[in-house]
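Worksheet: the structure to be examined is printed underneath.
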Protein chains: 2
Amino acid sequence: MSSSSPRIPNPTASDADQTPARKRTKRVSMREVAEHSNVSVATVSMVLNNNPRISRATQARVRRSMDDLGYRPDRVAQSLSSTYTRLLAVMIPPLSHAFADTYFGEIISGIYDRAARLGHKIIIEQAKPKFIESGQHLELVERRFVDGLLCLGFIENYEFMHDLVERGQPVLSVNSHFVDLEVDSVVCDYTAGAEQAMNCLRQLGHKKVGMIIGGSKGVTTQDIMAVFKANTEELGTYDPSLIVDGRYSETGGAEAARQLIDKHPDVSAVFCSNDKMAMGAMHYMHQSGRKVPEDISVVGFDNLYVSQFLNPPLTTVHLPLYDLGDLACERIIQRIRGRREAVSELLPTHLILRESTAIAPGR
Amino acid sequence: MSSSSPRIPNPTASDADQTPARKRTKRVSMREVAEHSNVSVATVSMVLNNNPRISRATQARVRRSMDDLGYRPDRVAQSLSSTYTRLLAVMIPPLSHAFADTYFGEIISGIYDRAARLGHKIIIEQAKPKFIESGQHLELVERRFVDGLLCLGFIENYEFMHDLVERGQPVLSVNSHFVDLEVDSVVCDYTAGAEQAMNCLRQLGHKKVGMIIGGSKGVTTQDIMAVFKANTEELGTYDPSLIVDGRYSETGGAEAARQLIDKHPDVSAVFCSNDKMAMGAMHYMHQSGRKVPEDISVVGFDNLYVSQFLNPPLTTVHLPLYDLGDLACERIIQRIRGRREAVSELLPTHLILRESTAIAPGR
DNA sequence: CTGAAAGCGCTTACAG
DNA sequence: CTGAAAGCGCTTACAG
C-alpha cells in the first residue's frame, strides 16, 4: 500500500482489465463495518439479525457504521451460512403461451405479493420435457436455487412432483390435485361453481346444454362433469356426446363448439370449463353467424380479467386466483419451515352473471 | 460414532428436532466426491468446470464418483466464490394486473428461453413505489440477488433505472427508451408500424380518424402521434382533440372511445396505440350499438395472442414481443460480462389485417 | 497434471 | 454483552 511498486504489466494484466467493468462501487463487507465500529464481525452479524444479546449502544454504533459505509449484506454469503435461499420457484406447464397466460398471471400476482411480504423472491420456470428429463426440477432445490416449488396448472405430466415429494422437498400444487399423489394443494371449489352455473342455466329454461372441457383426467374436470351429468340427467337430456374436449385453449374451444353444434344443433347453451374455451366458443358462434346470447348462451369458468370486455361480456364462475396464490405461498413457506402434515385447502367460488347468457330461445 | 453416548435430551434438543424436517437426502459435497475418487477438491472443481488441465482418466474417475454419489454442486457456494449469480431480474411496472399482462408475458417468454439457454434463471419483481423508495432495486444487484435487470413497460417513473446506470449496474429497458437517460434498450419500430396502420386506413377511404394513446410522454407514443399527425394533416382533418388518452387499459380505451365519438360523431376509424385499448374501444362500440367494422373501423397495436379471437378479430400492428425478450436477454448478459458500449436495437413491425377494419361508410 | 491453502462473506456454537 | 474460531461449499492462484 505504501510502496506502490508499479509491477510491469504481465500476461494476465489484460484479464484483470476486463474485470473492472464490473468493479462498480467496490462492495463493503461485514469485516469493514466491524473495523469501522470496533467490534467483531460476529457482533455485526448479530446486529444485522436483530439479536437481542447486543446492547443498545453497540446496536446503534454498528448501525451507524453500516449507514456510513453503505453496507449491504451479501445474500449469497448469507444463504451459504444459513439453511435458506429465500427463493421460491413457480413452475408453469409447457404450453406455448404459458408466460402470457392471465390465469397463471393472476395466481402469480398473489404468490408474489405474499412472498415479498415474507421476505422471499420468486423465480419462474417452465416444466418443458427436457427440463424434467434432465432432472432440473430436482436441481432447483438440491442445488439450492430455491427452497421450494409452487406448481401451477399441472393436470397431466405431474410425475415430476412425485420425484420431489419422494425426496421430501417442499412442493405444492395450485388449483389441481391428484388421486395418485399426495402433495400439498390449494384448490378452488369447482363443484360449487359448476352447481351455480348449471343452476343458472336451468332457471333460464335451458334444457339441452353442451359442455366443453379441458382434457378429461383432471380431478377438477371430473368434479365439473359430475355436476353436469347430474343436472342434465335430471333434465332428461344427458348424453355423453354433449361433452367435448376443448383442450383448455381458445382454438380448442372454437373447434369443440363447432363439433358440438354440428352434432347437436338444438343445444341452447354451452358450459365451458374455462374462459379461454368460452372465448373460442363465442368466437365460433360469431364467425358462424349465431348470436350470443339470443341464439345460444355461453358460460365460462375462471372469470379472467378480460372476460368482462368480451362482446358480449361473459357470464362465468369466478375463481379467487389472487387469493389462491397468496394462500399457496403462505403454505409452501410453512412447509419449508418444517411443517410435516399434508395440507389441502379449498377456496370458495361463485357465478358472475353477465350478458352471454339469456332465457332459452322459444321460451 | 463408535461410542454412541446417549446424551440426556437438553433444552435445545427440540430445536434440533425441527431441523430434520429439512434434512432430506443429506447433501453430498465436493469434499466427499474428492475422497471417493482420491483426488483433491480442487481437482473435482476443475472437472466440474471442464478445465482441460485435468487428464481424461481423472476426469472419468471423478465423473463416476459424482454419479455414484449423486453429487449436485451447491450453486450458492459457487456464486460466493465466483462473480456471478446467474440470475436476472425482470422488472414490471406497478400496474394492478401486471403479472397477468399478456404483453409482458410474451416478452418474458422470450427472455426466459434465452436465459435458460445461456444458463441463467429469472426472477420477477414489480417496481411498486415502496420497492423503489426503500432502494430494493439497488439491493437486487448490490446484495447479489441478480446480475442485472431487464425493465419492461416503464414509460414514466423510470428514475430507478438512473440509479442503476449511475452505479454501473447492468440494466436494459425493453420496448421503451428515453430522451433524458442513456440506458441499453431494445425497442420495436413504432414509426413503421404506425405508418402501415395509417396507410391501410387511408386506402380504405377513411378521412376522419381518431387516435387513442397511452399517456403522451413516451418516446414511442410521440413517434406514433407524429405519424398520425402527418397523415391526418395530409387528409386535411388533423385536430388535436382527435387524440384522446386511454391510459393503456381496456377501461381507459372504452372511455376514450366514448369521449372521442361524443365530440366527433363523424369519425369513421379509430387507431389505438395498444390492443387492450382497442379492445376497450370495441367494447364501447358494441355496448353503444355501433357495429365494427361496418359503422366504424378499429386498429390496434401489439397483436396480442387474444386479438385474433375478438369479435370481430382485430386488425393490429404486430410487435415481435418474443424476439424482443430474446434479444434483450442476450444483450443484458453481454453487458454483465463486460460490454462497455451502450446498445440500442430496433426491431421491425408490420400490420396484420383482420376484420375490425373495412371501407369507410358511405364510400 | 494435481494438491495444499487461502479466500469468498456470512452465521453460529463456544467461551469468557 | 462480546470475541475468536470454525464452518458453509465452492474457486483460484500458486507451487510442484
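Nothing here was measured: the structure is a model prediction, and the numbers come from that model. To find a chain, count down the sequence lines: A is the first, B the second, and so on, and within it residues start at 1.
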Exercise. For Val165(A), what residues pass the side chain to side chain contact (heavy atoms under 4.5 Å, CB included) criterion, not counting sequence neighbours?
Worked result: Val171(A), Leu181(A), Val183(A)
For this session: For DNA chain D, determine which residues of residues 74-82 of chain A have any heavy atom closer than 4.0 angstrom to one of its atoms, and list them numerically.
Result: Leu80(A), Ser81(A)
Exercise. Heavy atom of residues 44-70 of chain B under 4.0 Å from DNA chain D: which residues?
Worked result: Ser45(B), Asn49(B), Arg53(B)
For this session: Evaluate the side chain to side chain donor-acceptor pair (under 3.5 Å) criterion for residues Arg143(A) and Gln78(B): first the C-alpha distance (whole Å), next the side-chain angles of each, then the deciding distance (0.1 Å), finally the verdict.
Result: CA-CA 10 Å; Arg143(A) 292 193 52 197; Gln78(B) 288 181 315; 2.7 Å; yes
Exercise. Quick one: ring-ring contact (aromatic ring centres under 6.0 Å, His included) partners of Tyr322(B), sequence neighbours excluded?
Worked result: none
Seminar exercise, completed: Residues at least two apart in sequence or cross-chain that pass salt bridge (charged side-chain N to carboxylate O under 4.0 Å, His left out) with Asp163(B), listed by chain then number, are none
Problem set entry | Under the side chain to side chain contact (heavy atoms under 4.5 Å, CB included) test, residues paired with Asn38(A) that sit two or more places apart | Arg61(A)
Exercise. Who pairs with Ser344(A) by side chain to side chain contact (heavy atoms under 4.5 Å, CB included), at least two apart in sequence or on another chain?
Worked result: Ser185(A)
For this session: Answer with yes or no whether the side chains of Asp326(A) and Tyr112(A) bring together a donor and an acceptor at under 3.5 Å.
Result: no
Problem set entry | Start and end of chain A contact along DNA chain D [non-hydrogen atoms, under 4.0 Å] | dC1(D) to dG9(D)
Exercise. Can you tell me if Arg56(A) and Gln59(A) form a side-chain donor-acceptor pair at under 3.5 Å?
Worked result: no
For this session: Sort by first number and list every stem of DNA chain D: at least 3 consecutive Watson-Crick or G-U wobble pairs, both distances under 3.5 Å.
Result: C:1-3 with D:14-16, C:5-12 with D:5-12, C:14-16 with D:1-3
Exercise. If we only count heavy atoms from C-beta on, is the Val174(B) to Leu172(B) side-chain gap below 4.5 Å?
Worked result: yes
Seminar exercise, completed: side chain to side chain contact (heavy atoms under 4.5 Å, CB included) filter on Met30(B), not counting sequence neighbours, yields Val41(B), Val44(B), Ser45(B), Leu48(B), Tyr71(B)
Exercise. What residues, two or more places apart in sequence or in another chain, satisfy ring-ring contact (aromatic ring centres under 6.0 Å, His included) together with Phe145(B)?
Worked result: none
Exercise. Which residues satisfy the side-chain hydrogen bond (donor to acceptor under 3.5 Å, both in side chains) test with Thr58(B), sequence neighbours excluded?
Worked result: Ser55(B)
